[in-house]
Novice: 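Got a structure here, written out as structure tokens. Questions coming.
Both ligands and their constituent atoms are indexed starting at 1 by order of listing.
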Amino acid sequence: MINLEQLCRKNIWELAPYSSARNEYAGREARVFLDANENPYNAPYNRYPDPLQLELKAVLSKVKGVPSECIFLGNGSDEAIDLPYRCFCNPGKDNVVAIEPTYGMYKVCADINDIEYRPVLLDEHYQITAEKLLAATDANTKIIWICSPNNPTGNNIVREEIAKVIAGFEGLVIVDEAYSDFSSQKSFRTELAKYPNLIVLNTMSKAWGCAAIRLGMAFASKEIVDIFNKVKYPYNVNLLTQRQALEALKDPFEVDKWVKILLVERSRMIEAFKMLPICEEVYPTDANFFLARMNDATKIYNYLVDNGIIVRNRHRVQLCQNCLRITIGTKTENGELIAALRQYQ
Ligand SMILES: *Cc1c(COP(=O)(O)O)cnc(C)c1O
């Protein structure tokens, strides 16, 4: 069991949130809106959007199998990554623990919020034990970050080890499942009732093909979601985004279709990379990208840029020396990359 009041920053726990015009009337039928100093012309963009995005959450609740009140929506996952720091971590005092290497935003947000960031190095298979992560915590550790499938390595972290971390830690464990639609490992989203200290992140930016609309999700207990809602900007998800997300969610089968095609392309690309004399290793992946160790990543990266093809050079990342991270594109795009690499010398 966790003590949320003890985990939360005192000023946030005691915060009286801004009460917007739209908040105060919420839930009742109305015809005439003269409460928010809006312009009556230029519908529908003249009106402030729903601060709690309830229509969108009702649909997401069905698609994701999580109760509406356990869903937080933000301006990309970026907002859902920043908010836990602002809500739970006291600047200059508290710390967070994370696997290393991983997604860069956890550290950037820690630095912005003046929170000590404690990276724990993965092993040579890009895995980690619960024991090692828990050993890096102390009385001031508020959050453990686990990205699975992990970026940039691509692999899932062993599920049993994640479960052990959640069960064995009295602070919050945030499992970033941005790539879970591409993975065969079961999501932690469905385990929220079992773990009151668990937060799971999802995004519309990857499998759902909506990176431009900026919509990220956090799934957690109602108590945690209520704290996020209190601290977020009142209208953090704009109307255009809410509408476009609803549109995309109408067709989950389209997403399934994309994922299937991308997984076939992924296998094809991995086989092609393994045949390249300049490729030394392709690492196992559960995401829509893979990490490949090359003989000279930076030289190959620059060669590809000169040919109008951009991949991600991860050479300077710990445990990723000489690695390129390759996103799976369309069959044509993937073909262009392979053709260029075959001509490289
Ligand atoms: C791409 C990615 C995200 C998505 O971020 P958005 O702000 O939602 O676009 C989140 N986490 C990881 C690990 C990612 O790689």
Novice: For ligand 1, note which part of S77 has a heavy atom under 4.0 Å away: side chain, backbone, both or neither.
Specialist: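 Contact part for S77 vs ligand 1: both backbone and side chain.
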Novice: With a 4.0 Å heavy-atom cut-off (strictly under), which part of M105 contacts ligand 1: side chain, backbone, both or neither?
Specialist: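 The answer is neither; M105 stays 4.0 Å or more away.
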Novice: Just let me know how M204 lines up against ligand 1, side chain, backbone, both or neither, with a heavy-atom cut-off below 4.0 Å.
Specialist: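 Neither; nothing of M204 gets under 4.0 Å from ligand 1.
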Novice: Identify, by atom number and element, the atoms of ligand 1 in contact range of G76, meaning under 4.0 Å from any of its heavy atoms.
Specialist: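 Those of ligand 1 that fall under 4.0 Å from G76 are 7 (O), 8 (O).
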Novice: Yes or no: does A211 have any heavy atom under 4.0 Å from an atom of ligand 1?
Specialist: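 No heavy atom of A211 comes that close to ligand 1.
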Novice: Polar-atom distance check: Y106 versus ligand 1, any N or O pair below 3.5 Å?
Specialist: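 It does not: no N or O of Y106 is found under 3.5 Å from an N or O of ligand 1.
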Novice: Using the six-membered ring wherever Trp is involved, compare the ring planes of F228 and F72 and label them parallel, tilted or perpendicular (cut-offs 30° and 60°).
Specialist: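 The arrangement is perpendicular - the two ring planes meet at more than 60°.
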Novice: Counting non-hydrogen protein atoms only, what is the nearest one to atom 9 (O) of ligand 1? Give residue, atom name and distance.
Specialist: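 Result: S205 OG, 2.6 Å.
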Novice: So if I count the atoms of ligand 1 from 1 in the order they appear, which ones are less than 4.0 Å from some heavy atom of C147?
Specialist: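 The list of qualifying atoms is 13 (C).
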Novice: In terms of side-chain heavy atoms, does R293 have a donor or acceptor partner in Y283 at a distance below 3.5 Å?
Specialist: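 There is such a pair (donor and acceptor under 3.5 Å, judged by atom type) between the side chains of R293 and Y283.
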Novice: I'd like to know if the side chain of N151 pairs up with that of R325 as donor and acceptor (distance under 3.5 Å, no hydrogens or angles considered).
Specialist: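 Result is yes, a qualifying pair exists.
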Novice: With distance as the sole test, does D123 use its side chain to make a donor-acceptor pair with the main-chain N or O of Q127 at under 3.5 Å?
Specialist: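 It does hold such a pair.
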Novice: Does any donor atom in the side chain of T153 or N155 lie under 3.5 Å from an acceptor atom in the other side chain?
Specialist: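 T153 vs N155: donor-acceptor pair found between side chains.
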Novice: For N151, take its heavy atoms, then give the atoms of ligand 1 lying under 4.0 Å from any of them.
Specialist: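 Taking each heavy atom of N151 in turn, ligand 1 has 15 (O) under 4.0 Å.
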Novice: Please report which non-hydrogen protein atom sits nearest to atom 7 (O) of ligand 1, along with the residue it belongs to and the distance in Å to one decimal place.
Specialist: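 Atom 7 (O) of ligand 1 sits closest to the protein heavy atom R214 NH2, 2.6 Å.
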Novice: Looking at atom 14 (C) of ligand 1, what's its closest protein heavy atom, distance included?
Specialist: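 The protein heavy atom lying closest is K206 NZ, 3.2 Å.
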Novice: Out of D176, N150, N75, indicate the one that has the non-hydrogen atom closest to atom 12 (C) of ligand 1.
Specialist: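 The option holding the nearest heavy atom is D176.
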Novice: Can D226 and K222 be said to form a salt bridge (Lys or Arg N to Asp or Glu O under 4.0 Å), step by step?
Specialist: CA-CA 6 Å; D226 286 346; K222 179 183 185 302; 2.7 Å; yes
Novice: Taking the side chain from R159 and the backbone from S187, do they hold a donor-acceptor pair closer than 3.5 Å?
Specialist: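 At least one qualifying donor-acceptor pair exists.
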Novice: Identify, for atom 15 (O) of ligand 1, the protein heavy atom at the shortest distance, and state residue, atom and that distance.
Specialist: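 It is Y179 OH, 2.6 Å.
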Novice: Give a yes or no on whether the ring-centroid distance for Y179 and F289 is below 6.0 angstrom.
Specialist: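 Yes, they do, as the ring centres are separated by less than 6.0 Å.
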Novice: Where does the angle between the aromatic ring planes of F273 and F290 fall among parallel (under 30°), tilted (30 to 60°) and perpendicular (over 60°)?
Specialist: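 Ring orientation of F273 relative to F290: perpendicular.
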Novice: For ligand 1, which atoms, with element, lie under 4.0 Å from some heavy atom of D78?
Specialist: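 The list of qualifying atoms is 7 (O).
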